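Here the structure is laid out as C-alpha cells; the discussion comes afterwards.
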Amino acid sequence: MKKITIAIDGFSSTGKSTIAKELAAKLKYVYVDSGAMYRAVTLYAIQRNLISEDKFFKKELIKELKQIQLVFKFNSALGFAEIYLNGVNVETEIRNMKVSRLVSKVAEVPEIRKKLVEQQQKMGKYKGVVMDGRDIGTVVFPDAELKIFMTASAEKRAKRRFDEFMERGEQVTFEETLKNVEYRDYIDTTRKDSPLVKAKDAIEIDNSTLTKAEQFEKVYKLALEIIR
Ligand code: DC
C-alpha cells in the first residue's frame, strides 16, 4: 500500500489529535502533534521568564530559539509519541491553562513558525505521517494527499477542554475555558503569518453532533480510498 501524508487542521479542541492519533495507529503511520511544538516553545519562554500575561520578550526568545530542542519519543504504553523539551518530557505540562493562555502569542511569531515548520516538514519527508495543527494543509504540507478541516461550535469545544482540565484537577471555570477557546480562535484566524484557514482542497468535518467513532470511520474511509 502506498504511503500518503494526512493533514488535519481546524479550530482548537475539535478533537483533531484524538482522530489523528487513532488514524496513525490504524495505518501504522507516524503521528505528529504540531500544536505540542508551539506549546513546548511557550513553556520554554515561561520557564525563562520571557513571557507572561503582560510582557513578551519576543526578540530574546527568537535569539534563544537555537537552544530549544524539541524531540518526539514514542511511548509504547500510550501508543503515541510524547514531546521532550531539551531532554525533558513535557507532554502533560504543555497542556496547562497558563501555556494555553500564552501559546497563541508565541505561535504568531514568524521566526518561531519558520523553525517549527522546517522541523515538521523533515518529520513528514518520507510520508506515512498524520500531522494535526492549523497550517498543515496550507503551509507545512500543501501537497498532502488527504486534508481534513475540523470544526465544532465554540461551546462544544470549550466543554471538551473543560472536561480535560477537570480530569487533571486544574482549577479553572467553564467560562474561563470558553473565553480561552474564543480568544485562541480569534488570534489563530487573524494572525498575519499562516492564519488558520481551510485549504481549498480540504474536506470539512463539523463534529458538533458526531460521535468519536463516527468521525473516525469517516476519516479512515477517506484515507483508504486514497491509499488503495
Ligand atoms: O492544537 P493546540 O491547541 O495544541 O495548539 C496550540 C496553539 O498552537 C494554538 O492556539 C495555535 C498554535 N498552532 C499553530 O499556530 N500552528 C499549528 N500548526 C499548530 C498549533
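Since the structure is predicted, the reported quantities are computational estimates derived from the model, not experimental observations. First listed ligand is number 1; within each ligand, the first listed atom is number 1.
By the 6.0 Å contact criterion, NZ on Lys179 is open, its count of non-hydrogen atoms from other residues, nucleotides or ligands being 12 or less. Surrounding OH of Tyr186 are at most 12 heavy atoms belonging to other residues, nucleotides or ligands under 6.0 Å away. Around the NZ atom of Lys58, the shell of radius 6.0 Å holds no more than 12 heavy atoms that belong to other residues, nucleotides or ligands.
Under the 6.0 Å distance and 45° angle rule, Lys198 does not count as a cation-pi partner of Phe149.
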When you pair each N or O of ligand 1 with protein N or O atoms, which pairs come out under 3.5 Å?
{"residue": "ligand 1", "atom": "1 (O)", "partner": "Arg134", "partner atom": "NH1", "Å": "2.9"}
{"residue": "ligand 1", "atom": "3 (O)", "partner": "Arg39", "partner atom": "NH2", "Å": "3.4"}
{"residue": "ligand 1", "atom": "3 (O)", "partner": "Arg134", "partner atom": "NH2", "Å": "3.1"}
{"residue": "ligand 1", "atom": "3 (O)", "partner": "Arg184", "partner atom": "NH1", "Å": "2.9"}
{"residue": "ligand 1", "atom": "4 (O)", "partner": "Arg39", "partner atom": "NE", "Å": "2.7"}
{"residue": "ligand 1", "atom": "10 (O)", "partner": "Ser104", "partner atom": "OG", "Å": "3.4"}
{"residue": "ligand 1", "atom": "10 (O)", "partner": "Arg184", "partner atom": "NH1", "Å": "3.0"}
{"residue": "ligand 1", "atom": "10 (O)", "partner": "Asp188", "partner atom": "OD2", "Å": "3.3"}
{"residue": "ligand 1", "atom": "15 (O)", "partner": "Arg113", "partner atom": "NH1", "Å": "2.8"}
{"residue": "ligand 1", "atom": "15 (O)", "partner": "Arg113", "partner atom": "NH2", "Å": "3.3"}
{"residue": "ligand 1", "atom": "15 (O)", "partner": "Arg191", "partner atom": "NH1", "Å": "2.9"}
{"residue": "ligand 1", "atom": "15 (O)", "partner": "Arg191", "partner atom": "NH2", "Å": "3.0"}
{"residue": "ligand 1", "atom": "16 (N)", "partner": "Arg113", "partner atom": "NH2", "Å": "3.0"}
{"residue": "ligand 1", "atom": "18 (N)", "partner": "Ser34", "partner atom": "OG", "Å": "3.0"}
{"residue": "ligand 1", "atom": "18 (N)", "partner": "Arg134", "partner atom": "N", "Å": "3.2"}
{"residue": "ligand 1", "atom": "18 (N)", "partner": "Asp135", "partner atom": "OD1", "Å": "2.8"}

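At least one donor-acceptor pair closer than 3.5 Å links the side chain of Lys16 to the backbone N or O of Phe11.
With rounding to the nearest 0.5 angstrom, the CD atom of Glu176 is 9.5 Å from the CD atom of Glu170.
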